[in-house]
Amino acid sequence: MCRQRSGHPYSYLEIALITLLVLMTAVTVALLVLHFVTGESSSSNDYGEPSPTQKPTTTAGSENYLLGVGRADCTGPVAEIPLMGYANPDQVGGGLLTRLYSRAFIVAEPNDSRRVVFVSIDIGMVSQRLRLEVLKELKNKYGELYRRDNVILSGTHTHSGPGGYFQYTLFWITSKGLIKPNLNAIVNGIVKSIDIAHQNMKRGRLFLNRGTVENSQINRSPYSYLQNPASERSRYSTNTDKEMVMLKMVDENGHDLGLISWFAVHPVSMNNTNHLVNSDNMGYASLLFEQEKNKGMLPGEGSFVAAFASSNLGDVSPNTKGPFCINTGESCDNPQSTCPVGGASMCMAMGPGTDMFDSTRIIAQNIYLKAKELYANAAQELTGPLRSAHQWVNMSNVQVQLNATHTVKTCKPALGHSFAAGTIDGVGAFNFTQGAVEGDPFWDNIRDQLLGEPSNETKACHQPKPVLFSTGEMTWPHPWHPDIVDVQIATIGSLAIVAVPGEFTTMSGRRLREAVKSEFGSHGTEGMDVVIAGLCNVYTHYITTYEEYQVQRYEAASTIYGPHTLSAYIQLYRGLARAIAMNTVQDLPSGPEPPLFNVTSLTLVPAVTADRAPVNKTFGDVLQGVNVQYRAGEVAAVTFVGANPRNSAENMTEHNFLTVERYTSVSGSWQVVQNDASWDTRFYWTKGSSGQSNVTIEWHIPSGTEPGTYRIQYFGHYRRLFKQFYPFEGTSAAFEITNL
C-alpha cells in the first residue's frame, strides 16, 4: 500500500538516483543510435546467435529457415489386431476405412547448425518402445543429427489404429501382446517420413496463426472442470480450448509446403463398435487439406503435407450432442454419468451426424475449414533461433516445491476404480462408475487374490483415489507402467512446442502453457507463443488438475502419478523453458535412461494360417457383383473370395487393397480415381471357417462424381504352408454412374 508524499523536498539520495537514471537513458539512446548506424548487433554472442535473454527477432524476412516435409504410410495389419484406444477386447480390426500416415516436418537454421523435427502420426499414442526404436534407426542413418532432444513424436490419438507396439505390461495385455508387424510398420513409416523431409529440405518461411473452431467439441467431464477455482474459470469463456494454432510452411518463393495444426479434441467420432482401421476426425481433416493442395493426386500422394496434431484433449469430446441414456433417451449429464435404468453402461455421448461416419465427416470438415481460413490469412512470421531441451525423469518420485514452506511428491503409478468405468465416449464394463472415491470390496478382493493388494504407501499417496490397480508395484513379466518419462520443449523463434507424454485436460493444459510462457518471460524471452503437443514420446494416461483429481472421474482415476502430477510437470517444464531462455540446456542432466525390455513375441492374436478358396472358386472371384448402374449418393458394393489382409501387411509395405477406376475412352484405359486411403471407400474382411474368408468393398459415391463407366478392383495375397505368399487380384463388372 502506497502513502502520499509529504511536502518535504527530495532527499540527496533521490536526486542522485534521478541523475543516474537520466545518464543511463542518455547512454542507452546513444548505443541504440550507434547500433543502427553501424549495423553491428550488440546482442550477438560468440556463435552469432541472439542473446539468450533477448526475445528472438520477429522482423519479417530477416532470415529464412531450411524446411522439409514428408509423409509415409504406417498402417500395419488391418485385420485381427486389437484397435488401440478404447481397450475393448471385442474391438479388433476387420478392414480399412482410411490409411494411417506419419507426417514429418523438419526446421533447420539457415546455416544448418540446429534442427527441430516434429512428427505427427495417425496412431493412438506414441509408446516408449516405439520412440526408442525410431531414435535407434535415426542414429544409424544420421548419426547425431536427429536426437532425443530435437525429435518430437506425437500421436493424433485415433482410437481406430492397430495396437501392439507397447512394452509395458498393461498395454501389452490390452493389445494381446507385442505385435511386431505393426510395430515395424509404424517405425518404418515414421523413419521414412523423416527421410523424405530430410531429402527435400529447401529454404523457406514460417507463419503462425490462431483462430476459434466452433461446434466441434464439448467437455466430457464438466463436473470435474467446475472443481477448479471460480476465479480461474472466470478468465475463460468456455470449458474447452476452442483455439486452433496453425504453423504454415512455404518455400522462399511462397509456394506451399505444408502445415501443422494443433487443436484439442479427442479423435473418437468413430466409436468402439467400429472395426475399420482409420485416422478418425483429425486424420480425415489432414486428407481433406492435402487433397485440396495436391490437386489431381490420390490420397497419400503429393508433396504438400498437412498434420492435424493433438493437444490438451484429455477431457474434450467431439460428440457434441452430449451424453444420453441409449435405452431411454434422457440426459445422463451428471457427476457419475449414469442412467436410472442400466447404470453407466447406458450413458453414451453422440456426435452431430446420423452415424459415426457422418459425425467424423462433420467434425473433420469443421476443423479443415478453419485451418484453410487460418492458412490463407497467416501473417505472423516466425524468425529467430531454434532450441530444444529434453530430460528423462522418474515420475514416480518427483519432489515438488509448491511454495516456500510446502513440498509434495508424485507417486508410483496406479489406476483408480473409475478408470474401469470408461467415459461417455466409450463406456467401461461391469458396475464401475465415474466419480468413485471409495473402493468396491468385491473388486478389491478379486484384485488382491489375483494381483496383490496395493501397499499402504501407494494408497496414501494417491488419496482420494481408491486404487484399483497398483501398476507401479506390479512388475511381472515386466513393469506394468513406465517410471521413466520424457519431458521436452522445442522452440522455433517465438513458438514453443511443449511435448507432453499424455492427455492433459483443458485446465491442466492452460496452466502448463501459462507457466511455460511465464518462465520464458521471466528470463527475458517475452511474448512466446506456447502450444501443447499431446501424446508425445511415451504414454502415461491422463493429467488432471489437483482440484479435478479430488472428484475422481475417469480422467482423474487415470492420472497415474497421483494428485500432484500436474504440479510436477509444471515444475519440470519450467526447468526446460528456463534452460532454453538462459542458454544453459547443455547443463541439464539427461536423467535416467528408460529401459528397453526383451518382450516375448508370443501374442494372443490368432496365427495366420493357410488361406483356402471355396470349391470351384479361386481367390479374387466375385461372389456378389455390382449393380449395372448407380447415381451419386448411392453405394456400389462387390464381394470377392478373399484372403487374410495380414498376409499383405507382412509381405509388402504400403500395399493397396483396392482401387476404383474410371474408363477413359480416349486412351482406352482405366484410370484410378480412388484407392483404399480414400474416405469414400470401405474395405471389409469377413473371416469364415477352414481358412476361407470374404472381402466386401464399398464405394460411397460422392456428389460431383463424373458420369461414366467404372469398376472396382481388389488386390490381396493368399498364403500357403511354410509362409509362402502369392499375390492375386479380383475385378468387378463394369458399371455406369449416371446423373439420371
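In this structure, CG on Leu287 lies 12.0 Å from CZ on Arg99, to the nearest 0.5 angstrom. A distance of 8.5 Å separates CD of Glu232 from CZ of Arg510, quoted to the nearest 0.5 Å. Remark: Leu97 CG to Met356 CE distance equals 9.0 Å, nearest 0.5 Å. In this structure, CZ in Phe324 is found 10.5 Å from SG in Cys339, a value given to the nearest 0.5 Å. Rounding to the nearest 0.5 angstrom, the gap separating the CG atom in Asn150 from the CD1 atom in Ile106 is 9.5 Å.
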**Message:** Quick one, Tyr368 with Phe308, criterion ring pair (Phe, Tyr, Trp, His ring centres under 6.0 Å). Give me CA distance, side-chain angles, the key distance, then yes/no.
**Reply:** CA-CA 9 Å; Tyr368 154 68; Phe308 285 76; 7.8 Å; no
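In this structure, Asn271 and Tyr86 approach most closely via the heavy-atom pair CA-OH, 3.4 Å. When every heavy atom of Asp122 is checked against every heavy atom of Leu100, the shortest pair comes out as O-CD1, 3.4 Å. Closest heavy-atom contact between Pro318 and Pro352: O-CD, 3.9 Å. When all heavy atoms are compared, the tightest approach of Asn215 to Ile363 is O-CD1, 4.1 Å. The minimum heavy-atom distance between Ala349 and Asn319, with the atom names listed, is CB-CB, 3.7 Å. The shortest heavy-atom contact between Ser231 and Ser234 is O-OG, 2.7 Å.
For the pair Val107 and Leu386, the minimum side-chain heavy-atom distance is below 4.5 Å. Residues Asn209 and Asn377 are in side-chain contact: their nearest non-hydrogen atoms beyond the backbone lie under 4.5 Å apart. Looking at Leu153 and Ile121, their side chains come closer than 4.5 Å, going by heavy atoms from C-beta outward. Counting heavy atoms from C-beta on, the side chains of Val485 and Pro501 come closer than 4.5 Å. No side-chain heavy atom of Thr471 sits under 4.5 Å from any side-chain heavy atom of Ile560. Put simply, the side chain of Ser310 does not reach to within 4.5 Å of the side chain of Thr156, judged on heavy atoms. Looking at heavy atoms from C-beta onward, Ser269 lies out of side-chain contact with Phe357 at the 4.5 angstrom threshold. Here the side chains of Asn403 and Thr407 are not in contact, with every heavy-atom distance at 4.5 Å or above.
Side-chain atoms of Asp315 and Thr506 form a donor-acceptor pair, as typed in the model, at a separation below 3.5 Å. Glu548 and Ser221 share no donor-acceptor pair across their side chains, judged by distance under 3.5 Å alone. One side chain, Asn537 or Arg131, offers a donor N or O that lies under 3.5 Å from an acceptor on the other.
Cys pair Cys347/Cys332: SG-SG separation is below 2.5 Å.
Outside the 6.0 Å centre-distance limit, the rings of Tyr542 and Phe504 are not counted as a close aromatic pair. Less than 6.0 angstrom separates the ring centroid of Tyr539 from the ring centroid of His541. Note: Phe118 and Phe105 fail the aromatic proximity criterion, with ring centroids not under 6.0 Å apart.
Note on ring orientation: taking the six-membered ring where Trp is involved, the planes of His157 and His159 are perpendicular (angle over 60°, cut-offs 30° and 60°). In this pair, Phe171 and Phe166 present their aromatic rings tilted. The plane angle is within the 30 to 60° band. Relative orientation of the His417 and Phe432 rings is tilted, given thresholds of 30° and 60° on the angle between their planes.
For Glu214, the CD atom is densely surrounded, since the number of other residues' heavy atoms within 6.0 Å is greater than 12.
Ionic pairing of Arg71 and Glu290 is present here: one or more N-O contacts between side-chain nitrogen and carboxylate oxygen are shorter than 4.0 angstrom. Comment: Arg511 does not engage Glu514 in a salt bridge, judged by the lack of any side-chain N to carboxylate O separation of less than 4.0 angstrom. Ion pairing between a basic and an acidic side chain is recognised when a charged N comes within 4.0 Å of a carboxylate O; Lys248 and Asp256 show no such pairing. Salt bridge Arg513/Asp529: absent, no basic N to carboxylate O contact under 4.0 Å.
Scored by the ring pair (Phe, Tyr, Trp, His ring centres under 6.0 Å) test, Tyr225 finds no partners at all (sequence neighbours excluded).
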